[in-house]
Amino acid sequence: MPSPSPASGASSPLRDARRSRFTYRQLAQLATYGTTTPLRVIAHIDLDAFYAQCEMVRLGIPEDKPLAVQQWQGLIAINYPARKWQIGRHCDVAEAKKLCPELIAQHVATWREGDDKWAYRDDAAANIATDKVSLDPYRLQSRKILALIKDCLPKDLQKVEKASIDEVFLDLSAQVHAELLRRFPELSTPPSSGDVAEHLPFPSAAALDWQTDNLVVLEEEQEALDPDWDDVAMLVGSEIVRGVRAQIRERLGYTCSAGIANSKLVSKLGSAYKKPNAQTVVRSRAVLPFLTGIKVTKMRNLGGKLGDQVVSSFNTESVKELRDIPLDQIKAKLGDETAVWLYNTIRGVDHSEVNSRTQIKSMLSAKSFRPSINTPEQAIKWLRIFAGDIYSRLVEEGILEHKRWPRTINLHHRHAGQTRSKQSPISSGKALDEQALFNLAKDLLHQIMAEGDVWPCANLSLSVGGFEEGVKGNMAIGAFFKKRDQVPPPLRPTDTCTIPEGRTVEQPSKKHRLDEVRSIQRFFAKRPAGDAASLGANGQLQVEKLSVDDTSSSWLDRGSEGLDTRGPDTRGPDTRGPESRFSHDTTTGPEDSAQAAIYACARCKAGFSDEVSLQSHQDWHFAKDIQDSECAASTPSQQPTPSRGHTSRSSGPASRRGRGGSKLEQGQSRLRFG
DNA sequence: ACTCTAGCG
DNA sequence: GGCGCTAGAGT
């Protein structure tokens with residue numbers, strides 16, 4: 001059927017059998033990180049046995065050697081070679097050594113009373129009474145990895161959420177969007193009808209090369225469907241992630257696992273699917289079959305009591321069976337909000353946003369006392385250690401440069417099973433040093449002591465929180481979140497701004513279309529030719545045109561510079577002693593390039609220094625308009641709505657605790673490759 | 001300001 | 001199973 005003439009029955013030019021399922025609008029929404037577009041690409045990256053890897057790298061231990069990280073007599077991380085010996089987190093050191101005599105059990109670093117820095121000590125395990133564990137070495141590595149990840153992605157097209165010390169979410173939508181336009185110029189042609197509801201032409205690529213990715217195996221019928229844009233988008237995302245993982249491996253020596261999917265929910269399950277050192281793609285057509293093989297308690301936010309409640313309410317932990325339960329029945333058990341959330345979750349529907357926030361909100365330093373301590377003098381010694389710990393972390397947060405400032409300090413105390421706390425404000429006016437923190441902590445302790453029984457004390461913790469962003473000489477907040485008639489900030493590419501509806505979008509602007517192109521080239525230019533060919537590598541010309549002066553050093557020549565937001569030399573106590581092999585490239589902050597604005601946006605008056613920036617800014621308006629036009633339809637799907645108000649009944653035992661350690665249990669779909 | 005619960009690794 | 005950590009709701 002070479003004739004390009006009208007699809008027969010369908011009459012509408014918008015719906016044609018030879019057209020994509022997806023519309024121009026849905027494509028455009030990628031550029032603004034719209035959370036409901038089916039083309040969205042989210043990745044979850046999870047470092048393999050992170051603490052253990054940190055020690056392997058630090059100590060220069062060959063990666064096939066079994067190693068575990070020890071905390072007192074227990075183990076808090078076990079690398080994959082050691083897991084072959086059945087060593088798990090439930091083991092203590094003695095048991096583990098019995099299972100595997102060659103096991104290297106490396107104790108975590110500790111702070112020690114009377115010492116002002118943490119250190120790795122041979123005798124730490126024997127000094128539980130005087131030492132407190134320090135996770136600083138891992139935080140430091142976590143930062144470096146995060147910085148590298150950000151460095152691998154185009155500055156203005158990245159959205160990175162630090163989910164924990166060893167996990168990140170990436171929203172790759174905008175980058176994938178740019179790459180799709182580059183590879184498939186036909187996507188840049190406006191819809192012939194002029195209506196963004198028109199369906200896209202079908203992708204010109206016939207077969208997709210998934211390389212080493214794991215794909216969920218599907219029924220033939222499903223697999224036989226031609227790839228549509230969601231598959232292509234996913235493939236591009238997967239290539240990006242493979243590149244990021246390769247960099248982490250090459251530059252820092254860490255392996256990680258990744259999941260690529262349409263949502264945070266599914267991408268996280270994907271990264272856990274195959275470990276270590278692998279990545280799993282869950283295409284949208286594979287979501288339901290994929291989830292079918294997964295226990296409901298493995299899903300995000302269902303690992304705790306809520307999950308137990310679900311299981312006991314419906315007498316199954318199978319996602320497949322839960323899907324057969326009508327919404328009303330779920331509502332009856334869990335309350336409306338939670339029910340709707342669950343109903344969507346077990347269908348892989350999750351529109352939660354990737355927050356481009358890599359900053360922590362509070363920090364805590366704590367110690368459990370075994371045995372309990374009994375005097376103020378003892379407590380005060382610990383407060384000094386806590387203060388030192390927290391201070392060094394505050395320095396890393398940029399407290400010296402007033403980048404971030406904690407508003408409150410809090411002391412918790414446990415006595416006779418009861419916990420009490422006191423908190424007080426931290427003045428933002430005066431200097432905050434270790435001594436000041438210590439003094440505040442002592443005050444709080446005195447308040448607690450004045451109010452009741454304190455001894456014996458089983459636990460003390462000091463925390464600071466309520467961080468505010470830099471105040472001094474920094475107009476960030478006021479400038480960006482001021483007026484109702486919100487305009488996109490003209491000069492800062494990665495900041496978010498709220499638009500009137502209260503949603504946030506990121507606005508690409510300024511010189512960064514160029515960075516973007518460059519950075520995409522990084523990924524695809526140095527790839528074996530076969531790879532791009534499978535997708536039909538067009539769009540090259542366009543890139544050539546855009547990638548003008550590439551005078552700056554190639555990313556390959558750079559370390560993680562320019563990304564870490566710390567100022568120079570704000571490191572904690574780190575490289576100490578010969579055993580410490582973490583390297584610490586000192587980094588410089590991002591430079592501000594103030595530019596003269598000679599091009600103005602007609603719509604919002606934002607100024608730009610060159611035509612390309614202006615164009616890219618107008619693209620943003622275009623995409624945002626489309627997103628806005630979609631507002632009514634979009635559900636602001638959210639958190640699990642922790643069954644607060646209506647939990648009521650039978651929060652019964654359920655005592656599920658599946659904790660079996662088996663990872664790929666029951667009927668999960670098999671994987672096609674390795 | 002303070003307490004409590006939850007979730008995760 | 002405990003510990004260290006973070007977040008957020010309720011009051």
Side-chain angles (χ1 to χ4, degrees), chain A residues 44 46-54 68-78 88-92 95 108-111 118 128 131-139 142 161-167 257 268 271-272 275 297-309 337-338 355 357-370 386 389-390 393 406-414 417-426 444 447-448 451-452 458-467 638-647 651 655 657-659 661 663:
Chain A
H44 181 256
D46 192 342
L47 276 295
D48 301 320
F50 182 52
Y51 293 177
Q53 270 203 89
C54 287
V69 178
Q70 178 181 353
Q71 177 180 307
W72 316 133
Q73 296 312 311
L75 301 179
I76 56 174
I78 296 107
R89 295 238 281 177
H90 50 88
C91 293
D92 66 24
E95 290 162 355
V108 296
T110 58
W111 296 88
W118 55 258
I128 186 169
D131 287 15
K132 149 166 178 42
V133 313
S134 170
L135 301 180
D136 274 11
Y138 312 133
R139 290 194 197 101
S142 178
E161 175 179 336
K162 177 174 183 170
S164 77
I165 197 168
D166 66 346
E167 294 171 49
S257 299
K268 168 135 190 172
S271 68
K275 303 191 88 177
T297 49
K298 300 271 177 158
M299 306 186 78
R300 199 158 127 95
N301 293 313
L302 287 164
K305 295 191 173 183
L306 179 55
D308 288 346
Q309 194 189 352
E337 268 190 317
T338 307
N355 303 305
R357 173 184 47 72
T358 51
Q359 313 224 325
I360 58 162
K361 299 192 174 167
S362 67
M363 58 179 67
L364 168 149
S365 187
K367 171 82 180 174
S368 292
F369 304 113
R370 352 190 307 240
F386 294 161
D389 182 11
I390 287 181
R393 288 155 65 185
R407 266 200 301 266
T408 59
I409 182 169
N410 200 324
L411 183 69
H412 279 253
H413 157 271
R414 166 116 90 334
Q418 301 263 86
T419 143
R420 278 185 296 149
S421 71
K422 283 289 167 194
Q423 105 184 3
S424 76
I426 298 174
L444 294 173
Q447 289 179 37
I448 287 180
E451 273 186 25
N459 183 286
L460 268 184
S461 70
L462 185 68
S463 63
V464 297
F467 281 93
Q638 286 318 333
Q639 284 294 99
T641 68
S643 54
R644 208 55 89 176
H646 38 58
T647 158
S651 58
S655 62
R657 292 289 134 211
R659 242 30 244 129
K663 306 243 273 269

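Within every chain, numbering begins at 1; the chains are lettered A, B, ... in the order of the sequence lines, protein sequences first and strands thereafter.
With rounding to whole Å, Arg300(A) atom CZ is found 13 Å from dT6(C) atom C1'. The CG atom of Asp389(A) sits 18 Å away from the P atom of dC3(C) (whole-angstrom rounding). As rounded to whole Å, 19 Å separates atom C1' of dC3(C) from atom CH2 of Trp111(A). One interatomic measurement links the two molecules: CZ of Phe50(A) to P of dG4(C), which rounds to 19 Å at whole-angstrom precision. The CG-P distance, from Leu462(A) to dG4(C), rounds to 14 Å in whole Å. Protein atom CG of Leu460(A) is 16 Å distant from nucleotide atom C1' of dC5(C), rounded to whole Å. Whole-Å rounding puts the Trp72(A) CH2 to dC3(C) P distance at 11 Å. In this structure, CD of Glu167(A) is placed 14 Å from P of dT6(C), rounded to the nearest angstrom.
Of the charged side-chain nitrogens involved, at least one lies within less than 4.0 Å of a carboxylate oxygen, so that Arg139(A) and Asp136(A) count as a salt-bridged pair.
Minimum atom distance to the side chain of Arg370(A) is reached by dC3(C), of the listed dC3(C), dG4(C), dG7(B). The Lys361(A) side chain lies nearest to dA7(C) when the options are dG9(B), dA7(C), dG7(B). Considering only side-chain atoms of Asp166(A), the nucleotide from dC2(B), dT6(C), dG9(B) that sits closest is dG9(B). For Ser362(A), taking side-chain heavy atoms from C-beta onward, the closest of the listed nucleotides dC3(C), dC5(C), dA7(C) is dA7(C). When the nucleotides dG9(B), dC5(C), dG7(B) are ranked by their closest atom to the side chain of Lys268(A), dG9(B) comes out on top. For Ser421(A), taking side-chain heavy atoms from C-beta onward, the closest of the listed nucleotides dC2(B), dA1(B), dG7(B) is dC2(B). Considering only side-chain atoms of Leu306(A), the nucleotide from dG9(B), dT6(C), dG7(B) that sits closest is dG7(B).
Under the rule for a ring pair (Phe, Tyr, Trp, His ring centres under 6.0 Å), Phe386(A) has no partner lying at least two apart in sequence or in another chain. Ser362(A) is linked by a side chain to side chain contact (heavy atoms under 4.5 Å, CB included) to nothing, counting only residues two or more places apart in sequence or in another chain.
More than 12 heavy-atom neighbours from other residues, nucleotides or ligands sit within 6.0 angstrom of CD on Glu451(A).
The residue Leu135(A) sits close only to the backbone: its heavy atoms come under 4.0 Å of sugar-phosphate atoms, none of a base. Ser164(A) comes within 4.0 angstrom of nothing in the nucleic acid, heavy atoms only. Thr419(A) comes within contact range of the sugar-phosphate backbone alone, with a heavy-atom separation under 4.0 Å but no base atom that close. Residue contacts shown for Ser461(A) are absent, as no nucleic acid heavy atom lies under 4.0 Å away. Nucleic acid contact class of Arg420(A) (heavy atoms, under 4.0 Å, all strands): sugar-phosphate only.
Contact between the side-chain N/O atoms of Arg89(A) and the OP1/OP2 oxygens of dC3(C) is not found at any separation under 4.0 Å. Here Gln423(A) does not reach the OP1 or OP2 of dC2(B): none of its side-chain N or O atoms lies under 4.0 Å away. Under 4.0 angstrom from either OP1 or OP2 of dG4(C) there lies at least one side-chain N or O belonging to Ser368(A). Listed pair Lys367(A) / dG4(C) fails the phosphate criterion, with no side-chain N or O lying under 4.0 Å from OP1 or OP2. Taking 4.0 angstrom as the limit, Lys305(A) places a side-chain polar atom (N or O) nearer than this to OP1 or OP2 of dA6(B).
Of the residues near DNA chain C, Ile76(A) and Met363(A), the one whose nearest nucleotide (by heavy atom distance) lies more toward the 5' end is Ile76(A).
Closest non-hydrogen pair, Arg393(A) versus Leu364(A), comes out as NH1-O, 3.1 Å.
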- [ ] Kindly determine whether Asp48(A) and Ser257(A) satisfy side chain to side chain donor-acceptor pair (under 3.5 Å), including the steps that lead there.
- [x] CA-CA 7 Å; Asp48(A) 301 320; Ser257(A) 299; 2.9 Å; yes

